[in-house]
Amino acid sequence: MMHVLQSLSMIGVLAISAATAAVPDDPHNVTPIEANTPAPKFVAKEVDGRVFRFDPASLRQPTLIIFYRGGWCPYCNAQMQDLHTVVPQIVAMGYQVLFLSTDQPRLLYSSLKEKVDYHLLSDSSMDAAHAFGVAFHVDAATLVKMKAYSIDLEATQGTTRHELPVPSVFIVDRSGVVRFRHYDPDYTVRLDAAHVLAAARSARAIDSGT
């Protein structure tokens, strides 16, 4: 029995190691899920700590998913401000719009420089980022630089995993298929509001068969 338990324990360790090894150390080496493939499930948290479950098999509406680093990121704040004019239009088209941050739930809104009324979710566990293939490890040198700017990932995320998502945009249709993706390893480059709106319109037309 002891040998069985030891074997099971070792399998668990190997599984965790394999999952960790699958996350690259360089944002240029991420492998985001391809367009026209089934979207993955993920679990995130609402601002009050409640669990939010995304299940592509039971979607009632198309979904726009935006991964951003956190409220501490000036480029993320600029992106969210830019999207302010088009998100209501996208919602009016029937989309649910989800913004996924690495911030802990209690920091989701308080850490933002500009206040927004978006549906923010905490992906501090990086479950969604892993599922969509946009997670990467932050190296020690970068962590030091970030702390020089008063950015402490362990404090904002509540973990010691030192991971971030490559900022990215995905559109999932009602059948649970990814119809659009955009990502850029350069965190200073973001898809602008006009292109996000155009992508949403295009994907919605395909979804409705028009």
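Throughout, numbering of the chain's residues begins at 1 and tracks the sequence. These numbers were taken from a predicted model, which means no experiment stands behind them.
H182 places none of its side-chain heavy atoms less than 4.5 Å from the side chain of V196.
The two residues S111 and L108 make their nearest non-hydrogen contact at OG-O, 4.0 Å. Here the shortest heavy-atom pairing between P105 and E46 reads CB-O, 3.3 Å. F99 and L83 make their closest contact through CE2-CD1, 3.8 Å (heavy atoms, listed as atom of the first residue, atom of the second, distance). Shortest non-hydrogen contact noted between P38 and I33 is O-CD1, 3.1 Å. In plain terms, the two heavy atoms of L121 and A44 that are nearest each other are CB-CB, 4.1 Å. Heavy-atom minimum distance, G133 versus V30: O-CB, 3.5 Å.
The distance from the CG atom of L112 to the CG atom of N77 is 5.5 Å, given to the nearest 0.5 Å. To the nearest 0.5 Å, the span separating OH on Y183 from OG1 on T31 amounts to 8.0 Å. A distance of 11.0 Å separates CZ of R69 from CG of D103, quoted to the nearest 0.5 Å. In this structure, NE2 in H137 is found 4.5 Å from CD in E163, a value given to the nearest 0.5 Å. To the nearest 0.5 Å, the span separating SG on C76 from NZ on K113 amounts to 10.5 Å.
For F180, there are no ring pair (Phe, Tyr, Trp, His ring centres under 6.0 Å) partners at least two apart in sequence or on another chain.
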task = Report the C-alpha separation of I66 and L100 in whole Å, then their side-chain angles, then the decisive distance to 0.1 Å, and conclude whether the side-chain contact (heavy atoms from CB on, under 4.5 Å) test is met.
result = CA-CA 6 Å; I66 298 172; L100 287 156; over 6 Å; no

message = Show, in sequence, the C-alpha distance, side-chain angles and deciding distance for L164 and Q157, and conclude whether the side-chain contact (heavy atoms from CB on, under 4.5 Å) test is met.
response = CA-CA 10 Å; L164 285 173; Q157 297 179 352; 3.7 Å; yes

task = Check the pair Q89, L197 against side-chain contact (heavy atoms from CB on, under 4.5 Å), reporting the backbone distance first and the verdict last.
result = CA-CA 8 Å; Q89 297 178 62; L197 179 60; 3.6 Å; yes

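Looking at D186 and T188, their side chains do bring a donor and an acceptor atom within 3.5 Å of each other. Looking at Q96 and T63, their side chains do bring a donor and an acceptor atom within 3.5 Å of each other.
Using a 30° and 60° split on the angle between ring planes, H119 and F52 fall in the perpendicular class, above 60°. Taking the six-membered ring where tryptophan is involved, the planes of F54 and F132 are tilted, since the angle between them lies from 30° to 60°. Using cut-offs of 30° and 60° for the angle between ring planes, the F170 and F67 rings count as perpendicular.
Between the side chain of Q79 and the backbone N or O of P74 there is no donor-acceptor pair closer than 3.5 Å. Listed for the R190 side chain is a donor-acceptor partner under 3.5 Å among the backbone atoms of Y187. Between the side chain of D25 and the backbone N or O of F136 there is no donor-acceptor pair closer than 3.5 Å.
Between R50 and D48, at least one side-chain N (NZ, or NE/NH1/NH2) sits under 4.0 Å from a carboxylate O, which counts as a salt bridge.
In K145, the NZ atom is not crowded: 12 or fewer heavy atoms of neighbouring residues, nucleotides or ligands sit closer than 6.0 Å.
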